[in-house]
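Down below is the structure, laid out as structure tokens.
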Amino acid sequence: MNRQKEISGFANQLYALLKKVPKGKVTTYGALAKAAGRPRASRAVGNALNANPFAPQVPCHRVVRSNGEVGGFAGGTDKKIRILKDEGVAVKNEKIVLFEERLFEF
DNA sequence: ACGGTGACGCTCA
DNA sequence: TTGAGCGCCACCG
């Protein structure tokens, strides 16, 4: 509900890592959490990205669920899918096509 | 300090 | 395979 624009250390790490993800590829909340040093904080990752103050600067739309689903998006899942497709990532029924091949590893 | 919330992940039926 | 339940972590009031 509340929007918090303040950036915390944890979130800051997520943004830095996320900026390393190349266009046309995607990563997962779990992998991102792990890279940030909290392999079990996949949920916290979602919370941090939800308040993402760097909108297009940080490709938060390239973060998807571990099962290949696009997951959620502040602007709407539909919007997220649209962006991914625009970057060359095929999405079918809210799921990444060739998910594992699109996955970017830190 | 405590409880509630949420763009998740995994296990079980 | 699909759906429901439980666990995890960080942030907010």
Side-chain angles (χ1 to χ4, degrees):
Chain A
M1 294 279 285
N2 301 329
R3 284 11 155 215
Q4 176 61 27
K5 293 189 172 188
E6 192 70 33
I7 307 173
S8 298
F10 181 64
N12 190 350
Q13 296 176 75
L14 301 180
Y15 302 144
L17 292 164
L18 199 45
K19 285 193 273 191
K20 294 160 63 177
V21 180
K23 179 173 164 230
K25 290 232 178 176
V26 298
T27 187
T28 65
Y29 296 94
L32 205 50
K34 182 176 184 187
R38 268 69 183 170
R40 270 62 196 191
S42 54
R43 263 186 127 158
V45 172
N47 263 336
L49 297 185
N50 183 27
N52 172 27
F54 296 99
Q57 185 176 152
V58 174
C60 43
H61 55 267
R62 289 181 194 153
V63 186
V64 297
R65 296 187 60 158
S66 62
N67 64 335
E69 292 181 21
V70 296
F73 192 62
T77 309
D78 185 43
K79 188 82 171 192
K80 183 171 181 177
I81 294 173
R82 183 166 175 152
I83 297 172
L84 287 170
K85 285 186 171 184
D86 187 60
E87 297 192 341
V89 180
V91 180
K92 198 61 165 182
N93 197 19
E94 298 191 38
K95 293 182 184 53
I96 306 296
V97 180
L98 301 173
F99 172 56
E100 296 188 7
E101 294 183 29
R102 299 289 188 183
L103 259 179
F104 169 76
E105 308 206 19
F106 296 100

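Here is how names work: the chains are called A, B, and so on, in the same order as the sequence lines, proteins then strands, and each is numbered from 1. Keep in mind it's a predicted model, so treat the numbers as computed, not measured.
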Pairwise distance CZ(Arg102(A)) to CD(Glu87(A)) - rounded to 0.5 angstrom: 11.0 Å
Whole angstrom value for the distance that separates P of dA10(C) from OH of Tyr15(A): 14 Å
Common cluster, Leu103(A)/Phe106(A), ILVMFWY with side-chain heavy-atom separation under 4.5 Å: no
Within one Ile-Leu-Val-Met-Phe-Trp-Tyr cluster: Val63(A) and Leu84(A), side-chain cutoff 4.5 Å: no
Protein N or O to nucleotides 1-4 of chain B N or O, pairs below 3.5 Å:
none

From CG (Leu18(A)) to CD (Gln57(A)), nearest 0.5 Å: 11.0 Å
What are the atom names and distances for every N/O pair under 3.5 Å that joins the protein to nucleotides 10-13 of chain B?
unit_1	atom_1	unit_2	atom_2	d
dC10(B)	OP2	Ser66(A)	OG	3.2

Interatomic distance, Leu17(A) atom CG to Asn12(A) atom CG [nearest 0.5 angstrom]: 9.5 Å
Whole-Å distance separating the CG atom of Asn12(A) from the P atom of dA10(C): 15 Å
Under 4.0 Å protein heavy-atom contacts per nucleotide of nucleotides 2-9 of chain C, with B for base, S for backbone only and - for none: -----BBB
Spatial distance of atom CG (Leu49(A)) from atom NE2 (His61(A)) [nearest 0.5 Å]: 11.5 Å
Phe99(A) versus Ser66(A), closest heavy-atom pair with distance: CE2-O, 3.3 Å
Near-strand residues of residues 75-95 of chain A, defined as heavy-atom separation under 4.0 angstrom from DNA chain C: none
Nearest heavy-atom neighbours spanning Tyr15(A) and Ala48(A): OH-O, 3.0 Å
Secondary structure of DNA chain B in dot-bracket form (Watson-Crick or G-U wobble, distances below 3.5 Å, | marking inter-strand pairs): .|||||.||||||
Side chain to side chain contact (heavy atoms under 4.5 Å, CB included) between Ile96(A) and Val91(A), intermediate numbers included: CA-CA 5 Å; Ile96(A) 306 296; Val91(A) 180; 4.0 Å; yes
Co-membership, hydrophobic cluster, residues Phe104(A) and Val58(A), 4.5 Å side-chain: yes
Shared hydrophobic cluster, Ile81(A) / Val89(A) (ILVMFWY, side-chain heavy atoms < 4.5 Å): yes
Side-chain donor-acceptor pairs of residues 19-38 of chain A under 3.5 Å, sequence neighbours excluded:
unit_1	atom_1	unit_2	atom_2	d
Thr28(A)	OG1	Ala31(A)	N	3.0
Tyr29(A)	OH	Lys80(A)	NZ	3.3

Donor-acceptor pair, side chain of Asn93(A) and main chain of Lys95(A), under 3.5 angstrom: no
